[in-house]
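Single-structure report; data block below.
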Amino acid sequence: MLDLKFIRDNPETVKKAVLDRNLKVSLDDLLELDRKRRLILTELEKKRSKHKRGNKEIGELMRSGGDAAVMRAEMGALSENIKELEEEVGRLEKDMREILVRIPNVPDGSVPVGEDESANREVRRWGEPRQFDFPPLPHWELGEQLDILDFQRGVKIAESRFTLIKGVGALLERALINFMLDLHTREHGYKEVFPPILANEESMFSTGQLPKLEDDMYRCRDDVLYLIPTAEVPVTNIHRDETLSEEELPLYYCAYTPCFRREAGSYGRDVRGLIRQHQFNKVEMVKFSHPDSSFEELEKLTSDAEDVLKLLDLPYRVVILSTGDLSFSAAKCYDLEVWLPSSDAYREISSCSNFTDFQARRGDIRFKPSSGGKSRFVHTLNGSGVAVGRTVAAILENYQEPDGSVIIPEKLQPYMNGLEKITP
RNA sequence: GGAGAGGUGGCAGAGUGGACGAAUGCGGCGGUCUCGAAAACCGUUUGGCCUCGCGAGGGGUCACGUGGGUUCAAAUCCCACCCUCUCCGCCA
């Protein structure tokens, strides 16, 4: 959510931001509602002030044994009038909020302007995609041959886009989670947390999933709780409605959680394999940063995610998302894309974003400057470090051998009880 | 799931219709004292919104879990909801 005052003072900036994201928001309506509201509010507050003074007088009058009947009637009428004005202000504020909560964050100046993902810009590449001297198999075929991925039974148990992971595959999943968590906690300074996997409306609102992405989430039937689509939600909400001290910034958290997405609107895409699942595992990094250093923190965060792929020796590239591809709450975002032979392309495996004060304002997360003065909103950031299922896919495909076996990346072997190779 | 208790400022805790944005204590901050510190003493200590002002700052209003209601007037009375705690039941 943007600051209403900021919108009032910089309507053109906000209009451009909305336009660059190919969104439609009635900003002029908002500003008009805002003008009306302030006008009425001033009148309302004058009347309230009068009402308060009058009530005090009645109190004094009655204590001194006087007759307050006339005053009471007068204040009664004023009270009715105040109620009407309050209702009107309430209506205006509701209408304003409807618009306000749907205005996206303003992209940072360094973000390329463009229609969609085609305007994303590659920032750097790491590693060389392997040249195969045999036809490489897609991970879903490898996984079935190795009897570690069972797509049919996943569907039987739940529905399509759910997978049963078996045997060494399950071990691999678990090894990757531990490997990533150890890396971030031991080498990168993150504090590990294990949060609730269901979150309430307020939490979903503060990170920006609600109201826009409601249809993409699983909701409980009898409770107003949603399965989290990412650990970003519960972890960012750790400090919702809190005021932190300046000295404790920046705060680094990481968490492993399963994630749940309905993938509404992507029916035909990536129907095979682990790339697009309704349930997947992810290790997430979340930062609460001082506003002055959040963009530096984003670079570090991205590099922390890159380390996962470097240590696993998986070729990848870093892409900066254009305004048209940027998510609702983000001001700037880097995607990490890992090389996937079955796609003959780089595919997203991590997304690292700076949300500036956008989520902090929605969730009321502040810090108190140590020099004194008013509390300010922190900046929040998060990034996948990284998506586990897609990492499994990348390892299977990039490390496959002609006989259908798969080498375990060296750094992962200790986490696999020393296993060096998965064989049928 | 059943029964009961309760939600007040950073924390503890008073306040059962008007003088209460709210006693008191603790903590925090500033000061006095001191070579320095502790103690003691003095002062200070919530946030949102509106408005005036170039600014420093001033004025106003709202907020005692949330939302309604009663009343001239609500932290205080009524209703609904949410949350926490205790006991019982069930349970990994």
Side-chain angles (χ1 to χ4, degrees), chain A residues 1-9 30-101 194 196-206 210 219-226 234 237-249 251 258 357-378:
Chain A
M1 195 158 63
L2 297 178
D3 184 8
L4 184 59
K5 284 195 197 102
F6 176 82
I7 300 173
R8 209 182 279 154
D9 296 339
L30 176 69
L31 293 170
E32 182 52 32
L33 288 166
D34 177 45
R35 267 190 293 276
K36 256 191 218 161
R37 169 181 164 270
R38 280 183 293 155
L39 212 66
I40 295 167
L41 194 61
T42 303
E43 189 190 344
L44 168 63
E45 288 186 353
K46 271 184 200 153
K47 293 197 167 158
R48 278 211 275 234
S49 178
K50 194 176 165 193
H51 188 236
K52 261 173 95 161
R53 280 197 307 272
N55 288 337
K56 232 166 227 175
E57 257 179 68
I58 292 175
E60 284 159 18
L61 211 59
M62 291 179 72
R63 243 170 286 119
S64 61
D67 178 16
V70 178
M71 281 289 283
R72 275 161 79 149
E74 201 180 311
M75 288 306 113
L78 187 57
S79 170
E80 287 301 309
N81 188 215
I82 285 169
K83 196 171 277 181
E84 281 163 27
L85 290 173
E86 277 172 347
E87 276 166 16
E88 191 161 358
V89 169
R91 276 194 297 275
L92 289 167
E93 284 180 347
K94 187 165 167 277
D95 291 349
M96 285 170 68
R97 193 174 161 79
E98 284 293 308
I99 301 173
L100 197 58
V101 299
F194 191 81
I197 309 302
L198 293 174
N200 60 28
E201 278 182 306
E202 271 177 300
S203 295
M204 288 298 178
F205 175 80
S206 75
L210 288 178
R219 202 192 126 159
C220 298
R221 182 168 36 210
D222 297 329
D223 302 278
V224 188
L225 291 167
Y226 299 83
N237 276 280
I238 288 174
H239 294 299
R240 173 157 52 82
D241 295 325
E242 287 182 21
T243 302
L244 305 165
S245 68
E246 185 169 10
E247 298 80 59
E248 61 189 314
L249 298 177
L251 285 169
D357 61 2
F358 191 86
Q359 294 180 329
R361 184 172 294 106
R362 287 167 90 97
D364 197 19
I365 310 169
R366 304 156 191 263
F367 73 96
K368 194 98 184 161
S370 39
S371 57
K374 283 181 68 169
S375 293
R376 299 171 62 191
F377 291 116
V378 301

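Between the CD1 atom of Ile365(A) and the P atom of G47(B) there is a distance of 18 Å, given to the nearest Å. If you take CD of Glu246(A) and C1' of C29(B), they are 16 Å apart, rounded to a whole angstrom. Separating the CE atom of Met1(A) from the P atom of C49(B) is a distance of 10 Å, rounded to the nearest angstrom. The nearest whole Å value for the distance from the CD atom in Glu74(A) to the P atom in U71(B) is 18 Å.
Shown here are the side chain to side chain donor-acceptor pair (under 3.5 Å) partners of Asp3(A), two or more places apart in sequence or in another chain: there are none. Phe367(A) pairs by the ring pair (Phe, Tyr, Trp, His ring centres under 6.0 Å) definition with His290(A), not counting sequence neighbours. For Lys47(A), the side chain to side chain donor-acceptor pair (under 3.5 Å) partners two or more places apart in sequence, or in a different chain, are Glu43(A), Asn81(A). By the side chain to side chain donor-acceptor pair (under 3.5 Å) test, Glu60(A) pairs with no residue at all, sequence neighbours left out. The ring pair (Phe, Tyr, Trp, His ring centres under 6.0 Å) search around His239(A) returns Tyr253(A), Phe288(A), not counting sequence neighbours. Looking at residues two or more places apart in sequence or on another chain, you find a side chain to side chain donor-acceptor pair (under 3.5 Å) between Arg8(A) and Asp34(A).
Counting non-hydrogen atoms under 4.0 angstrom, Lys47(A) reaches nothing in the nucleic acid. Arg8(A) comes within contact range of the sugar-phosphate backbone alone, with a heavy-atom separation under 4.0 Å but no base atom that close. Note on Lys368(A): only backbone sugar-phosphate atoms sit closer than 4.0 angstrom, heavy atoms only; bases stay farther off.
When the nucleotides U61(B), G47(B), G18(B) are ranked by their closest atom to the side chain of Ile58(A), G18(B) comes out on top.
Close to G60(B), at under 4.0 Å from its OP1 or OP2, lies no side-chain N or O of Ser49(A).
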* What string of B, S and - do you get for nucleotides 63-70 of chain B 5' to 3' if you count protein non-hydrogen atoms under 4.0 Å? -> -------S
Just distance, no hydrogens or angles: give the donor-acceptor pairs under 3.5 Å from side chains in residues 86-97 of chain A, sequence neighbours left out.
| from | atom 1 | to | atom 2 | distance (Å) |
| --- | --- | --- | --- | --- |
| Glu86(A) | OE2 | Arg48(A) | NH1 | 2.6 |
| Glu93(A) | OE2 | Arg37(A) | NE | 2.7 |
| Glu93(A) | OE2 | Arg37(A) | NH2 | 3.3 |

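For Arg53(A) and Met62(A), each mapped to the nucleotide of RNA chain B holding its nearest heavy atom, the one lying further toward the 5' end belongs to Met62(A). With RNA chain B read from its 5' end, the first of the two nearest nucleotides for Asn55(A) and Ser375(A) is the one closest to Ser375(A).
Of all the residues in residues 37-46 of chain A, Arg37(A), Arg38(A), Leu41(A), Thr42(A), Glu45(A) reach under 4.0 Å from RNA chain B with at least one non-hydrogen atom.
G53(B) makes up no base pair with any nucleotide shown, lacking Watson-Crick or G-U wobble contacts both under 3.5 Å. Across all strands shown, U66(B) forms a Watson-Crick or G-U wobble pair with A80(B), both key distances being under 3.5 Å.
Here the straight-line distance linking atom CZ of Arg53(A) with atom CE of Met75(A) works out to 9.0 Å at 0.5 Å rounding.
Nucleotides A74(B) and G67(B) place their C1' atoms 15 Å apart, quoted to the nearest Å.
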